[in-house]
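Proteins come first, then strands; the chains are lettered A, B, ... in the order of their sequence lines, and each starts at number 1.
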Number of protein chains: 2
Amino acid sequence: MAAAKTHHHGNLREALVEAGIALLSEGGPGALTLRKAAARAGVSHAAPAHHFDGLPGLLAEIALRGFEMFHAHLDQRCRAETSDDPFAQLMAANSAYVEFARCHRALFQLMFVEVEHSTPPLRLAAVRCYGVLQEKCRPLCGDRDPAAFESAVWALTHGYVALGMAEPRPNAPAQVPSYETLLRMLVRPEGEPAR
Amino acid sequence: MAAAKTHHHGNLREALVEAGIALLSEGGPGALTLRKAAARAGVSHAAPAHHFDGLPGLLAEIALRGFEMFHAHLDQRCRAETSDDPFAQLMAANSAYVEFARCHRALFQLMFVEVEHSTPPLRLAAVRCYGVLQEKCRPLCGDRDPAAFESAVWALTHGYVALGMAEPRPNAPAQVPSYETLLRMLVRPEGEPAR
DNA sequence: GCACCGAACTTTACACTGTCAATTACACGG
DNA sequence: CCGTGTAATTGACAGTGTAAAGTTCGGTGC
């Protein structure tokens, strides 16, 4: 708010990031442009240069924001899971993962493939997200190496999402099983809730 | 060869695809440009329009070629695996998967995220690649639903690769376990080669 | 042999992108 | 009230994809 009628924007950095995310969610990747973001924030096309290191800088900043949103989403869905069954807890986190990717396609893709700057805060935000899944994996790990088990769950989840978004869908659309089925396959040996 | 000195290229379509792949492997994504590909093929910048539906068309064609290379690579590595142990067979296919992605980063990314046209032959080529893994999964499926097991293996593998290429590496570089460890975790319940 | 036709390619032009340099408007400290 | 520096503007440039018009050539009908 505030920011009077001066040609100073107030806090442009923030506005540009939000404009970028909006563009991304409205028009997919490729709709995100320095100039369009600047226009949407109400400034001239060269203004962003004073706040980011060019387009890659803006992308990195948007990715950072994306990981923060991602973490918030994971966290919220985990808290919302009332059951204290370890599998239900893990499932809450991971279905939140899938849900976020579906709900923020372009942003998700940007976060995981299109960023090339990778500042320390960005890495940190990503690690925090990993931490959520890590925590939920622990109780189901059993006698396996925790790091390996976490990585497997993480890879399974991310791969499920990535393949689900890929355009030349390798497996026919109808026969793609639910995510839960896949996760159970990885966890089963220990938990045995079976049903 | 041949193609005389006429201003006709002979078969430009092919040359453009190969030029595109070369650009991709030399300068990563973003180095691939209609104009650069045209220049490398020795034609003017507007020539590609007569062979592809613009840039998306070229991308789709390159992706198709990518999947064909992918399939050839998977197939070759499978044949090269002398052991008839089912796990060794599956491992051969999947390590070929990982290897291909590492060896053709930009092309791999293009194949799985940057293509938006998705012609029928492209889908078919992708399905053929899926078929290789599918076949190797069957013997290790056990009492599980085959489709679910295949999908899990596929997702695990693809996720492992995708996360390995992602820039803001979510898990610290040192602690990332070998792919084989992850795959064993998914397969174990049946095979029990254990070591 | 020759005119013609259509496909392959070139030339030209345009809108749009990221980035840079020069310039202006403004808040603030002396 | 005047500098000074930050935030923004304007203008320019090279490069991008794409569309339209022009050119060159291989082949076909006569």
Side-chain angles (χ1 to χ4, degrees), chain A residues 1-24 26-63 106 109-110 113-117, chain B residues 1-24 26-63 106 109-110 113-117:
Chain A
M1 324 312 167
K5 189 67 63 42
T6 158
H7 85 272
H8 282 58
H9 181 285
N11 81 355
L12 184 54
R13 192 178 173 93
E14 201 51 30
L16 285 170
V17 170
E18 278 171 19
I21 292 182
L23 285 169
L24 225 37
E26 289 168 15
L32 172 53
T33 284
L34 259 185
R35 290 171 111 105
K36 286 201 202 117
R40 181 177 281 237
V43 295
S44 77
H45 65 265
H50 296 270
H51 296 272
F52 305 104
D53 182 17
L55 180 61
L58 177 58
L59 294 188
E61 201 68 18
I62 289 180
Q109 270 185 194
L110 170 63
V113 348
E114 254 145 88
V115 55
E116 56 195 26
H117 254 47
Chain B
M1 322 315 167
K5 190 68 62 42
T6 158
H7 84 273
H8 283 56
H9 181 284
N11 83 355
L12 184 53
R13 192 178 173 93
E14 201 51 30
L16 285 170
V17 171
E18 279 171 19
I21 292 182
L23 285 169
L24 224 39
E26 289 168 15
L32 172 53
T33 285
L34 259 186
R35 291 171 111 105
K36 287 200 202 118
R40 182 176 280 237
V43 294
S44 80
H45 66 265
H50 296 267
H51 297 273
F52 305 104
D53 182 18
L55 180 59
L58 176 58
L59 296 187
E61 201 67 19
I62 289 181
Q109 270 184 195
L110 170 63
V113 348
E114 256 145 90
V115 55
E116 56 195 29
H117 255 46

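Regarding A/Leu12, its CG atom lies at a distance of 19 Å from the P atom of C/dA25, rounded to whole Å. Atom-to-atom, CG of A/Leu34 to P of C/dC20 comes out at 11 Å; the value is rounded to the nearest Å. Atom CG of B/Leu59 is separated from atom P of D/dT18 by 9 Å (rounded to the nearest Å). The separation between A/Phe52 atom CZ and C/dC20 atom P is 16 Å, rounded to whole Å. Regarding B/Leu55, its CG atom lies at a distance of 16 Å from the P atom of C/dT17, rounded to whole Å. Distance CG (A/Asp53) to P (C/dT19): 8 Å, rounded to an integer number of Å. Protein atom CG of B/Leu23 is 15 Å distant from nucleotide atom P of D/dG15, rounded to whole Å.
Here B/Pro48 lies out of heavy-atom contact (under 4.0 Å) with every strand. Residue-level contact check: A/Ser44 touches the bases, meaning some heavy atom is under 4.0 Å from a base atom.
The closest side-chain heavy-atom distance from A/Leu23 to A/Thr33 is not below 4.5 Å. Side-chain atoms of B/Arg13 and B/Glu61, non-hydrogen and from C-beta on, do get closer than 4.5 Å to each other.
Salt bridge status for B/Glu26 with B/Arg40: present, with a side-chain N to carboxylate O gap under 4.0 Å.
Side-chain proximity of A/Arg35 to C/dT19, D/dA8, C/dA8: nearest is C/dT19. Distance from the side chain of B/Thr33 is smallest for D/dT16 among the nucleotides D/dT9, C/dT19, D/dT16.
Applying the 3.5 Å distance criterion, the base of C/dT12 shares a donor-acceptor pair with the side chain of B/His45.
In terms of position on DNA chain C, the residue among A/Leu32 and A/His50 whose nearest nucleotide sits closer to the 5' end is A/Leu32. Nearest-nucleotide positions on DNA chain D place A/Ala46 closer to the 5' end than the other of B/Lys36 and A/Ala46.
Atom CG of B/Leu32 and atom CG of B/Leu55 lie 6.5 Å apart (nearest 0.5 Å).
Between D/dT6 and A/His51, no contact under 4.0 Å exists linking OP1 or OP2 to a side-chain N or O.
Closest approach of A/Ala38 and A/Ser44 over heavy atoms only: CB-O, 3.4 Å.
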